[in-house]
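What you are looking at is a predicted structure, and each value in this text was computed from that prediction instead of being measured. Remember, it's 1-based here, ligands and their atoms both numbered in the order they're listed. Values reported hereafter were calculated over all heavy atoms of this structure, with side chains retained and with hydrogens, waters and symmetry mates removed.
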Amino acid sequence: MAETFYITTPIYYVNARPHLGHAYTTIIADVACRFHTMKGAETFFLTGTDEHGDKIIRAAKEENLTPRAYVDQISGLFRNLWPELNIGYDHFIRTTDPSHMAVVEQTLQKIYDSGDIYFSEYEGLYCFGCERFYTERELVDGKCPDHETEPEVIKESNYFFRMSRYQDWLTDHINKNPDFIRPERYKKEVLAFLREPLEDLCISRPKTRIQWGITLPFDNDYVTYVWFDALLNYVSALGYPDGDLFKKFWPHVQHIVAKDILKPHGIYWPIMLKAAGIPIYQHLNVHGYWNVDESKMSKTIGNVVEPLQLKNVYGLDAFRFFLIRDMSFGLDSNFSETALVQRINSDLANDLGNLFSRVLAMAHKYFKGVVPKTDPDIEEELRFGLKSDALKAVAEFESFMETFAFHKAVAAVWEFINQMNKYIDVVAPWELAKKKTKASRKQLEVVIYNLLEGLRIVSGLVYPIMPDTAFTMQKHLGMDPEAPFYHLDTLKTWKVTESGRTLPKSTALFPRIDTKKTERQISGSKEQPAKSEQKFPPIKPEIDIDAFSQIDLRVATVVHAEAIPRAKKLLKLEVDMGEKRSVVAGIAEFYTPEEIKGKQVIIVANLKPVKLMGVLSNGMLIAAVDDSGSAVATLDKNVKPGTPLS
Ligand code: MSP
């Protein structure tokens, strides 16, 4: 019977734009899902956004937007980003979806009726940033470990979820199911936590303090704590309790999260499921953190890495490959553009790219681009173990992918790629071609056939990580890219390639990146080559303050942005600067419309309007341009649109 597979990502808070960390988790989920497709499984892939709570209200206020307009805007950024990264989710859930809210209410009522939710007064240490109470033990030097601020003592009547009652059950469940939480280190972390007494969880927030949330079905004066609301997305998205999707996929669910949210997923969530009478999830897969230059990504440090910029500069598949290859699932990893470029040049351009073009060039040169025959009498002795190496790579790939050891799965494939490269060096097809005997011609046919067959298997194995590359390889190997060439059964079979097929003209899969020319600062990375060689124009002649005050600089919010047909460098912006204006800016090579939308920018407001590519530009956007591209000037914090700069 076909396997069933359900994979989820965390639903991301909409208080920040998507960055490298969010992209990593969601790409991992996509890779896992595609891998299960290779096994012929029926799959369901869920992602979405977490939209309630105080954090969101604060972020909306900073942007001068209503909570509704704000959550719509940021949720849209996430939703639209995923297809750009070739991430094929099946459903995008939002915690503001009425169907989700109904499930939260229903579940709360069920747990309340069963007696696991009680009302009580509580005095505790509350971190407003995290929107939760902390115990003394959880603080670091008396401060919230995330926000590094001292929590405030607050006394409140609230509803509590009787988690303590399930502590022994959960410990037992984890011990009986050793890969319930993986990798091992995170299982140990949860078990260590469970050795201390488990406190009940405060699951309400009084409306006097927070209104943006789901009202408790049994008390109109309270909204639901964001985590109790958010975790339920994993079942509400499937139409819990009666939906067909729920019945089909829930028994096979696997969650992916990073270590930051281990506790809600490793402790609250299984206990919530147990208390609500819902079967417990299968696996919690926990990965580490991407840091940039050894420090946490943060807006304040200015080292937030934007996935779309990386895709635009280096190509999507190279970016996806780097993320999967360079992070050992479970451990932290350091992002740097230098490492990314090295990875592309060594693994993709050198190992895979060269192999692919060498083999195809030989097939074209020696056989006019027609797949040669293989000869059963001599094929085995000419294989030099290539078939068993391929089968070993497929087997290792399968078992590593199954257990979320993605980096090891990639390493297994690359071992095979390197064996193929060695095979070419050992059998030296050009020597066989030189001999020009009947026997050597036959040998050459078998060798090239073997290499094409090996590449076919490689193209299937790279499919989950680099789907576009896999299709390109298939096409240039003369196979039907529409066929399910990546099915594991096909990859476990040797001699699938059909002799006599014509190969289309070859292509370079991954051109080498010239580090001097193309490396540019995507993040705040310090590892960049010095840019001091760049010559800027000399400072202009002095002017007095009166002359300067003639220039009217205004703050404007970009409300809409779109490309201008046939103008590769230009974007048309609709800005709000007290009044609405249309401004044309030469930033299209460095910003997508999505990236610039919502930003507060600076406009020269009294510059004579001009028409650029037929579009009226009523004002000029201020940006800095160096040889790495352009950077739009923005303000340190948001102010009212139209505010003059002085
Ligand atoms: N809304 C909650 C999750 C609720 S799930 C029921 C939340 N949102 S979040 O926007 O903060 O996303 C956290 C997740 O984003 C992490 O668990 C991880 O998947 C991803 N990452 C965010 N930053 C990351 C890194 N620097 N590195 C790797 N992944 C990280 O928590």
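- Contact of the Cys202 side chain with the Arg132 side chain is not registered, since no non-hydrogen atoms from C-beta on lie closer than 4.5 Å.
- Of all the atoms in ligand 1, the ones that sit under 4.0 Å from a non-hydrogen atom of Asn233 are 6 (C).
- With ligand atoms numbered from 1 in the order given, ligand 1 contributes 13 (C), 16 (C), 17 (O) to contacts under 4.0 Å with heavy atoms of Asp260.
- For ligand 1, the atoms sitting less than 4.0 Å from at least one non-hydrogen atom of Asp50 are 1 (N), 2 (C), 4 (C), numbered in the order shown with element in parentheses.
- Not a single heavy atom of Lys259 sits less than 4.0 Å from an atom of ligand 1.
- Within ligand 1, the atoms closer than 4.0 Å to a non-hydrogen atom of Gly288 are 28 (C), numbered from 1 in the order shown.
- Residue Tyr234 has at least one heavy-atom neighbour below 4.0 Å for each of these atoms of ligand 1: 5 (S), 6 (C).
- Each of the atoms 6 (C) of ligand 1 lies under 4.0 Å from some heavy atom of Ala230.
- Taking a cut-off of under 4.0 Å to the non-hydrogen atoms of Met297, the atoms of ligand 1 that pass are 26 (N).
- Residue nearest to atom 26 (N) of ligand 1, selected from Tyr24, Trp290, Trp269: Trp290 (by heavy-atom distance).
- Remark: ligand 1 atoms within the under-4.0 Å shell around heavy atoms of His287 are 19 (O), 28 (C), 29 (N).
- Between atom 3 (C) of ligand 1 and the options Ile11, Leu231, Thr8, the minimum heavy-atom separation is to Ile11.
- Across the listed options Phe228, Trp227, Tyr12, Tyr13, Tyr13 owns the non-hydrogen atom lying nearest to atom 7 (C) of ligand 1.
- Between the side chains of Tyr314 and Glu337, at least one donor-acceptor pair of N or O atoms lies under 3.5 Å.
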